[in-house]
Structures are given as C-alpha cells and as structure tokens.
Amino acid sequence: QVQLVESGGGLVQVGGSVRLSCAASGSRLSNNDVGWYRQAPGKQREWVATFTTGGTTNYLYSVKGRFTISRDNAKNTVYLQMNSLKPEDTAVYYCKTPFTLWGQGTQVTVSA
C-alpha cells in the first residue's frame, strides 16, 4: 500500500518561493493521479493541483501561473513549486492519491 510523506514547507515572505515534496513508498506514484490539497486556518480543505497518470496537470484557478506540479519517476516523488506566494496561500499542504489516507501535511506560512 502506498504511503506518502509531505515535506518542504516553512516560513516565506510574500512574493517568495518554496518547493514541496511528496515522497511515496510502497507503490509507484506514476500509477496514480496525485493531488496537492491545502487547509488554511478556519477553512475547509481545498484541492490545489493534480498530476495525472498521463502527465496532465490541473490547477486551482487562484494558483494557476504561480504553482507548478511535477513528478520525478526516478525518485517516486511529486513536487509542488510555489512561486509569487501570497498571504492567502498560508495553509497546511497535503498530497494524496485516490487510494491513500491524509498524511500529516507540511505547513507553509507566507508573511507580509
């Protein structure tokens, strides 16, 4: 059974960048659609981006052009490159496939 571990979050200034990693064990990520999600304080969890098995990417409208999701098959890892960060991007970020449970996530805090 595939297990995912998120990492790479931290404190970043407005306009800055951070790259999140989603490392998998137990199965190949390339066999599943992989999504990034986020949950801001006091808000519901929302979908951010997806990398499909066919290599297609999809993004939440508010992050399109700023975030890039990618996959490294050799490292069995999916990344979320986040640029031009805004305070409203502050959240705990999670990665998930249709067959995994929610993990611990990684906190991203964007300071003004």
Practice task
Would you name the heavy atoms of Tyr93 and Glu6 that are closest together and state the gap between them?
Solution key: O-CG, 4.0 Å
Handout entry: Donor-acceptor pair, side chain of Thr50 and main chain of Thr52, under 3.5 angstrom
Key = no
Exercise for the section: Kindly check if the number of other-residue, nucleotide or ligand heavy atoms within 6.0 Å of CD (Gln3) is above 12? Expected result: no
Problem - Cation-pi, Tyr79 ring and Arg19 (6.0 angstrom, 45 degrees) - result: yes
Do any side-chain atoms of residues 95-112 form donor-acceptor pairs under 3.5 angstrom with protein atoms, and if so which ones, sequence neighbours left out?
residue: Lys96; atom: NZ; partner: Thr100; partner atom: O; Å: 2.8
residue: Thr97; atom: OG1; partner: Phe99; partner atom: N; Å: 3.1
residue: Thr97; atom: OG1; partner: Thr100; partner atom: N; Å: 3.4
residue: Thr100; atom: OG1; partner: Thr97; partner atom: N; Å: 2.9
residue: Thr100; atom: OG1; partner: Thr97; partner atom: O; Å: 3.3
residue: Thr106; atom: OG1; partner: Gly9; partner atom: N; Å: 2.9
residue: Gln107; atom: NE2; partner: Ala91; partner atom: O; Å: 3.4
residue: Gln107; atom: NE2; partner: Thr109; partner atom: OG1; Å: 3.3

Practice task
Return the set of residues passing side chain to side chain donor-acceptor pair (under 3.5 Å) with Asn83 (not counting sequence neighbours), or none when no residue passes.
Solution key: Ser17, Gln81
Completion exercise
The reported gap from OG in Ser27 to CG in Asn32 (rounded to nearest 0.5 angstrom) is 5.5 Å
Fill in the blank from the handout: Taken to the nearest 0.5 Å, the spacing of Leu20 CG from Ser7 OG works out to 8.0 Å
Practice task
Determine whether Val14 and Val18 fall in the same hydrophobic cluster, where Ile, Leu, Val, Met, Phe, Trp and Tyr are linked whenever their side-chain heavy atoms lie under 4.5 Å apart.
Solution key: yes
Problem - Cationic tip of Arg45 above Tyr94 ring, under 6.0 Å, 45° of axis - result: yes
Practice task
For atom CD of Glu88, decide whether the heavy atoms of other residues, nucleotides or ligands shown that lie under 6.0 angstrom number more than 12.
Solution key: yes
Exercise for the section: Report yes or no: does Asp72 contribute a side-chain atom to a donor-acceptor pair with the main-chain N or O of Ala74 at less than 3.5 Å? Expected result: yes
Exercise for the section: To the nearest 0.5 angstrom, please state how far the CG atom of Asn31 sits from the CG atom of Leu29. Expected result: 8.5 Å
Donor-acceptor pairs under 3.5 angstrom involving side-chain atoms of residues 59-67: please list them, not counting sequence neighbours.
residue: Tyr59; atom: OH; partner: Ile69; partner atom: N; Å: 2.9
residue: Arg66; atom: NE; partner: Ser62; partner atom: O; Å: 3.4
residue: Arg66; atom: NH1; partner: Ser84; partner atom: O; Å: 3.0
residue: Arg66; atom: NH1; partner: Asp89; partner atom: OD2; Å: 2.7
residue: Arg66; atom: NH2; partner: Ser62; partner atom: O; Å: 3.0
residue: Arg66; atom: NH2; partner: Asp89; partner atom: OD1; Å: 3.1
residue: Arg66; atom: NH2; partner: Asp89; partner atom: OD2; Å: 3.4

Handout entry: Working for side-chain contact (heavy atoms from CB on, under 4.5 Å), residues Arg71 and Thr77
Key = CA-CA 6 Å; Arg71 186 180 70 203; Thr77 299; over 6 Å; no
Exercise for the section: Check the pair Thr56 / Phe51 against side-chain contact (heavy atoms from CB on, under 4.5 Å), numbers first and verdict last. Expected result: CA-CA 6 Å; Thr56 301; Phe51 196 102; over 6 Å; no
Practice task
Following the transitive rule for hydrophobic clusters with a side-chain heavy-atom cut-off under 4.5 Å over Ile, Leu, Val, Met, Phe, Trp and Tyr, establish whether Val5 and Val92 coincide in one cluster.
Solution key: no
Problem - Minimum heavy-atom distance between Thr53 and Ser30, given as atom pair plus value - result: CG2-O, 3.6 Å
Exercise for the section: Please check if the side chain of Trp36 supplies one atom and the backbone of Arg38 the other of a donor-acceptor pair under 3.5 Å. Expected result: no
